[in-house]
Amino acid sequence: MFIHPNFDPVAIQLGPLAIRWYALSYIVGFVLFVWLGRKRIKAGNTLFTNEMLDDLLTWGVVGVILGGRFGYILFYNLNQYLTNPLDIFKIWEGGMSFHGGFLGVVLAVFLFARKHKMRFLQALDFVAPLVATGLASGRIGNFINGELWGRVTDPNHFWAMGFPQAKFADAALAQVNAQYATWLTQYGYLPRHPSQLYQFALEGLCLFVMVWIFSKKARPEGQVSALFLGGYGVFRFIAEFAREPDAQLGLLGMGMSMGQWLSVPMIILGVIGFVYFGKQKAA
């Protein structure tokens with residue numbers, strides 16, 4: 001079993017200014033977004049220009065941050081933030097929801113398309129292949145922070161990892177399960193799935209390769225976006241089986257986590273959209 005290195009959350013300290021790994025993961029995601037966007041523009045077959053891409057980035061940053069934050073508050077921890085409303089602004093402590101960020105970006109793209117007199121799906125199809133690398137970067141940030149760790153697994157599995165950040169959760173589980181108590185005594189930490197790395201591979205790399213390759217050919221308008229929507233939903237649904245449910249929620253109906261329940265409509269709409277748009281003429 002490996003032990004998580006328990007990295008210092010501060011990547012760079014410049015006097016009183018502390019730059020955290022979490023912030024750097026977002027910056028890397030935005031840089032990759034622009035770099036890949038410029039590659040798509042250079043390849044042609046798009047109405048986007050470099051200036052429009054820069055404008056879209058601004059809209060997207062606002063959508064990601066506001067949507068991600070309020071999505072987390074609404075879907076995952078509403079009671080805490082109602083009790084401590086000032087905590088809403090403590091973004092550096094984590095607490096972002098992809099599903100909320102996704103809705104924020106969709107709204108941002110809609111407003112951007114109206115501003116530039118473009119069709120909404122036309123703009124969304126341009127954006128969809130650029131997003132997954134940002135998700136991958138974010139999951140690496142989660143791993144460095146030692147947050148969003150996975151469920152307990154067999155310590156003999158080569159991928160098992162102990163997370164010092166989960167010591168209180170480990171202790172709570174050990175109190176109700178004799179096997180966990182034995183493992184905790186023997187190893188110091190409970191062996192868990194490094195689910196952040198699973199999500200990095202699935203929602204990040206696999207989704208990026210799939211959508212990027214699919215979008216290299218002319219497709220019916222809306223189909224690239226539908227592939228991203230359904231693909232993310234499937235990969236997130238799978239990864240959630242290894243991820244520890246949020247302590248304040250646990251598993252919900254049918255033994256599924258909040259992340260899985262939020263992914264179900266994405267899968268359904270993605271499949272329906274992919275089939276429906278696929279019947280239209282390629283753009």
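One-based numbering along the sequence shown.
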> Centres of the W212 and F208 rings: under 6.0 Å?
Replying inline: yes
> Between F228 and F214, does the ring centre distance come in under 6.0 Å?
Replying inline: no
Determine whether [X] and [Y] make a side-chain contact, defined as any pair of heavy atoms from C-beta on separated by less than 4.5 Å.
X: V131; Y: Y232; result: no
X: W261; Y: M254; result: yes
X: E244; Y: F163; result: no
X: F200; Y: N142; result: no
X: M52; Y: F112; result: yes
X: P220; Y: K279; result: no
X: F126; Y: I41; result: yes
X: V62; Y: L66; result: yes

Nearest-0.5 Å distance that lies between atom [atom1] in [X] and atom [atom2] in [Y]:
X: F48; Y: R40; atom1: CZ; atom2: CZ; result: 9.0 Å
X: L32; Y: L135; atom1: CG; atom2: CG; result: 11.0 Å
X: N50; Y: L56; atom1: CG; atom2: CG; result: 12.0 Å
X: W35; Y: L53; atom1: CH2; atom2: CG; result: 13.5 Å

>> Treating S195 as the side-chain partner and L148 as the backbone partner, does any N or O pair qualify as donor plus acceptor under 3.5 Å?
In response: yes
>> Checking the side chain of R236 only, and the main-chain atoms of L202 only, is there a donor and an acceptor separated by less than 3.5 Å?
In response: no
Can you get from [X] to [Y] by hopping between Ile, Leu, Val, Met, Phe, Trp and Tyr side chains that sit under 4.5 Å apart?
X: F33; Y: Y26; answer: yes
X: I272; Y: L227; answer: yes
X: L111; Y: V64; answer: yes
X: F237; Y: L197; answer: no
X: V127; Y: V209; answer: yes

> Going by the angle between their ring planes, with limits at 30° and 60°, are Y180 and W183 parallel, tilted or perpendicular?
Replying inline: tilted
>> Can you tell me how the ring of F120 sits relative to the ring of F110, calling it parallel under 30°, perpendicular over 60° and tilted otherwise?
In response: perpendicular
> Among Q280, R119, Q122, whose side chain to side chain donor-acceptor pair (under 3.5 Å) with E221 holds?
Replying inline: R119
